[in-house]
Amino acid sequence: MTQLTTQEALAELYDHDLDAHFDTHQLREGLTGAVSPAELDRILRAVEATGDKTVSYETAIALLETPEDRGQ
């Protein structure tokens with residue numbers, strides 16, 4: 001399977017539905033194989049750090065753009 005960019009994989013998972021919200025279990029199921037294992041772990045850590053049970057597409061993308069999460 002071709003690796004998608006993280007943004008592409010998230011867009012496909014959320015099916016471009018900006019009102020959808022997913023928990024970490026759903027994110028893991030939906031993104032496994034679409035992104036690298038390291039990227040998947042990074043996404044899940046960022047989501048878990050919010051303390052929210054679910055996140056929207058917009059929130060997931062914003063979390064990935066934070067410099068702290070990239071180790072910068």
Side-chain angles (χ1 to χ4, degrees):
M1 175 180 230
T2 303
Q3 294 285 300
L4 302 173
T5 67
T6 302
Q7 288 80 2
E8 290 170 335
L10 284 167
E12 283 191 14
L13 176 63
Y14 281 86
D15 195 26
H16 303 280
D17 181 355
L18 299 182
D19 293 326
H21 286 69
F22 290 101
D23 63 25
T24 54
H25 178 73
Q26 293 166 312
L27 288 169
R28 181 177 301 282
E29 284 185 356
L31 296 174
T32 295
V35 298
S36 70
E39 183 66 357
L40 179 57
D41 287 343
R42 184 175 82 93
I43 293 166
L44 297 178
R45 279 193 314 272
V47 169
E48 288 170 349
T50 68
D52 293 332
K53 292 185 183 213
T54 63
V55 293
S56 66
Y57 171 77
E58 186 175 272
T59 300
I61 293 297
L63 289 170
L64 297 177
E65 294 174 352
T66 59
E68 310 82 52
D69 191 47
R70 286 190 232 133
Q72 296 176 351

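Both backbone and side-chain heavy atoms feed into the values below; hydrogens, waters and symmetry mates do not. Computed from a predicted model, the values in this text were never measured in an experiment. Heads up: numbering here begins at 1 and tracks the sequence.
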**Student:** At what distance, to the nearest 0.5 angstrom, does CG of Leu31 lie from CG of Asp41?
**Tutor:**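 It comes to 11.5 Å.
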
**Student:** Apply the test salt bridge (charged side-chain N to carboxylate O under 4.0 Å, His left out) to residues Glu48 and Arg45: give CA-CA distance (whole Å), side-chain angles for both, the deciding distance (0.1 Å), then the verdict.
**Tutor:** CA-CA 5 Å; Glu48 288 170 349; Arg45 279 193 314 272; over 6 Å; no

**Student:** So Leu64 and Leu10, do their side chains get closer than 4.5 Å, heavy atoms only?
**Tutor:**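 Yes; the side chains approach each other to less than 4.5 Å.
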
**Student:** Taking only distance into account, with no hydrogens and no angle test, what donor-acceptor pairs under 3.5 Å do side-chain atoms of residues 18-28 form with protein atoms, sequence neighbours excluded?
**Tutor:**
unit_1 : atom_1 : unit_2 : atom_2 : d
His21  : ND1    : Asp19  : O      : 3.0
Asp23  : OD1    : His25  : N      : 3.1
Asp23  : OD1    : Gln26  : N      : 2.8
His25  : NE2    : Glu29  : OE2    : 2.8
Gln26  : OE1    : Asp23  : N      : 2.9

**Student:** Please check if the side chain of Glu8 supplies one atom and the backbone of Thr5 the other of a donor-acceptor pair under 3.5 Å.
**Tutor:**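 Flag set: sc Glu8 to bb Thr5 pair under 3.5 Å.
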
**Student:** If you look at every heavy atom in Leu63 and Ala46, which pair is closest and at what distance?
**Tutor:**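 Heavy atoms of Leu63 and Ala46 come nearest at CD1-O, 3.7 Å.
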
**Student:** What residues, two or more places apart in sequence or in another chain, satisfy side chain to side chain contact (heavy atoms under 4.5 Å, CB included) together with Glu58?
**Tutor:**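 Glu58: side chain to side chain contact (heavy atoms under 4.5 Å, CB included) contacts with Ser56.
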
**Student:** Testing the basics here: between Leu13 and Gly30, what is the closest heavy-atom pair and its distance to 0.1 Å?
**Tutor:**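 Nearest pair, atom of Leu13 first, then Gly30: CD1-CA, 3.6 Å.
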
**Student:** For residues Asp17 and Tyr57, determine if any side-chain heavy atom of one lies less than 4.5 Å from a side-chain heavy atom of the other.
**Tutor:**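 With C-beta onward as the side chain, the pair stays apart.
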
